[in-house]
2 protein chains.
Amino acid sequence: MNGRTPPPRPPEGYDPHAFEPFAVTVDLAVLTVREERLHVLLVQRAHEPHAGEWALPGGFVLPRESAETAARRELAEETGLPAGTVAGLHLEQLRTYSDPDRDPRMRVVSVAFTALVPGLPEPRGGGDAAEARWLPYGEHGPLAFDHDRILADARERVGAKLEYTCLATAFCPPEFTLGELRQVYETVWGVELDRPNFRRKVLTTPGFVRPVEGPPRRTGGRGKPAALYRAGEATALHPPLLRPEGRSA
Amino acid sequence: MNGRTPPPRPPEGYDPHAFEPFAVTVDLAVLTVREERLHVLLVQRAHEPHAGEWALPGGFVLPRESAETAARRELAEETGLPAGTVAGLHLEQLRTYSDPDRDPRMRVVSVAFTALVPGLPEPRGGGDAAEARWLPYGEHGPLAFDHDRILADARERVGAKLEYTCLATAFCPPEFTLGELRQVYETVWGVELDRPNFRRKVLTTPGFVRPVEGPPRRTGGRGKPAALYRAGEATALHPPLLRPEGRSA
DNA sequence: CGATTTATAGTCAGGGTGACTCTTAAGGAG
DNA sequence: CTCCTTAAGAGTCACCCTGACTATAAATCG
């Protein structure tokens, strides 16, 4: 904003229709961990341009919406999740992409968000998407527009945030085992972590997780049953949980 | 972006003038360390709304500009710095503010940037600003629009980035002493750091700083002359340099 | 049943950090 | 000139966190 007079070209006053308008959209990089792999929610575009290609879900910001509101609305529309569930999801602004040529039709500025979801509600492909699916990160052809870059930025941001926040619990269901939590780190970072050391770090960080009363649960698979935990009240991680080698995969 | 059809209301096709447009602006939180205090570059608004009030510098994104380009252009215009100097400055996208009511005139979405500058070129108040000045952080009345929030977000972001990046050198002139570098941390974080420990940490982090050949320089004030350093090639800090107590001032 | 897999407990050495002391080299006050 | 103040820079020491590693318990699978 700013009370500046509008841009010199075109030079008129404040008539909203007097100069070339910008369209504002949101794009969503929705990530989840599924079958020990990082997955992304993608939609197949129904219209030109880039019809038939895969893209991040998203859409236009409505006249009376903030970008955050629009992002939650689009997320609910595209995934078919009930609005109540979407309201509780971790949604974070990533950055804004404003290259003048990023959309061939007109000037479109897009505010990108990152969403981390635990369960895997199979999407329904509502709205303008021909189809919506979870695809393993990296196992999709080039995405439409500049979505490959947005997605890469999202993954990098999430990987970095795992180091110094308690964000990893956002990938897990309400009750989870330490093994599941460790899986999140290993999947996003693309590394293997030492089980006992990871356990010690998580349990000695106050407020990271809270144990759940009651009997342990069988993971359904092999191995000794693991205790269940819930996300704690802490949001930051001091000291941080650094990934093994400076950079991620 | 997204090839979605434009929003249902108004429901037309892709005629850029057919629906209510958004204006897109940039706002700049330009920070520096001056006389052992954090300072912000502010401008006094010349026009309504909020005429006469202090605000962050910024302005409209032009039709063929990206937000980053617009931010550098506005920074040069408002501060009077030569374009070459501005090109080398550290400029980073903070986040985008899109509340529907943040500007009373029309729908304005603003991409906020944070800039860190070393020296203190006294600004000239060009452009639409009645005046431009460096003001100590916090010692300014409420700012126009939602600029107080933007500024607070910028300070928090910068404080966090000092922990795990080499960003602090962006506050320093090309050649600086470790005392000046330490001042940056102390000023932004609002804490006192142990001199020997800070020195050890900086010097043992590969690529953080590089010593400058030649004689040491007198700081002009009292105390033993300090050796000079330049910024190194490293950008990340592994392990990080954590502030004493979880949160900043 | 034994092999495998995973959870969980525990040990141990090394590195980084916080707290601290000491010396050196400037400027300022008398 | 001398003493005091200030800050740079060198060095010590103990503690905590971490990575590497071993061991045990409890489940599934063949």
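First the proteins, then the strands, lettered A, B, ... as listed; each starts at 1. Fair warning: this is a prediction, and the values are worked out from it, not measured in the lab.
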Using atom types as modelled and distance alone, determine if a side-chain donor or acceptor of A:Glu180 lies under 3.5 Å from a backbone N or O of A:Thr177.
yes
In whole angstrom, give the distance that lies between atom CG of A:Leu193 and atom C1' of C:dA7.
16 Å
Who pairs with B:Ala112 by side-chain contact (heavy atoms from CB on, under 4.5 Å), at least two apart in sequence or on another chain?
B:Leu94, B:Tyr97, B:Ile150
Pick out the pairs of N or O atoms, protein on one side and nucleotides 14-17 of chain C on the other, that lie under 3.5 Å.
unit_1	atom_1	unit_2	atom_2	d
C:dT17	OP1	B:Lys201	NZ	2.7

Integer-rounded Å distance: C:dT6 C1' and A:Glu36 CD
12 Å
Kindly give the heavy-atom pair with the smallest separation between A:Pro211 and A:Tyr229, and that separation in Å.
CA-CD2, 3.5 Å
Please list, chain by chain and in numerical order, all residues satisfying side-chain contact (heavy atoms from CB on, under 4.5 Å) with A:Ala76, sequence neighbours excluded.
A:Val86
Hits for side-chain contact (heavy atoms from CB on, under 4.5 Å) against B:Glu139, two or more places apart or cross-chain, chain-then-number order -> B:Arg37, B:Pro136
With sequence neighbours left out, write down each residue that passes ring pair (Phe, Tyr, Trp, His ring centres under 6.0 Å) with A:Phe198, or none if nothing qualifies.
A:Tyr185
Starting from C1' on D:dA20, measure out to CZ on A:Phe198 and report it in whole angstrom.
17 Å
Round to a whole Å and report the spacing from CD of B:Gln183 to C1' of D:dA8.
14 Å
Residues that B:Arg200 engages under side chain to side chain donor-acceptor pair (under 3.5 Å), provided they are two or more places apart
B:Asn197
Could you write nucleotides 22-30 of chain D as a row of B, S and -, 5' to 3', where a protein heavy atom under 4.0 Å of any base atom gives B, of only sugar-phosphate atoms gives S, and otherwise -?
B--BBBS--
Is the phosphate of C:dA7, meaning OP1 or OP2, less than 4.0 Å from a side-chain N or O of A:Arg182?
yes
What is the distance from CG of A:Leu228 to P of C:dT6, rounded to the nearest Å?
17 Å
Using five pairs at each end of the helix from C:dC1-D:dG30 to C:dG30-D:dC1 to define an axis, what is the angle between those two axes, to 10°?
10°
Under the side chain to side chain donor-acceptor pair (under 3.5 Å) test, which residues partner B:Arg72, sequence neighbours left out?
none
Mind calculating the distance between CG (A:Leu203) and P (C:dG10) to the nearest angstrom?
13 Å
Partners of A:Thr205 by side-chain contact (heavy atoms from CB on, under 4.5 Å), sequence neighbours excluded?
A:Lys201, A:Phe208, A:Leu237
I'd like to check the side chain to side chain donor-acceptor pair (under 3.5 Å) partners of B:Ser98; sequence neighbours left out, ordered by chain and number.
none
What is the distance from CG of A:Leu242 to P of D:dT18, rounded to the nearest Å?
8 Å
Which donor-acceptor pairs under 3.5 Å do side chains of residues 165-175 of chain A form with protein atoms, sequence neighbours excluded?
unit_1	atom_1	unit_2	atom_2	d
A:Thr165	OG1	A:Lys161	O	2.6
A:Thr165	OG1	A:Leu167	N	3.2
A:Thr169	OG1	A:Cys166	O	3.0
A:Glu175	OE2	A:Arg230	NH2	2.8

Short side-chain N/O contact from A:Arg195 to OP1 or OP2 of C:dT8, under 4.0 Å:
no
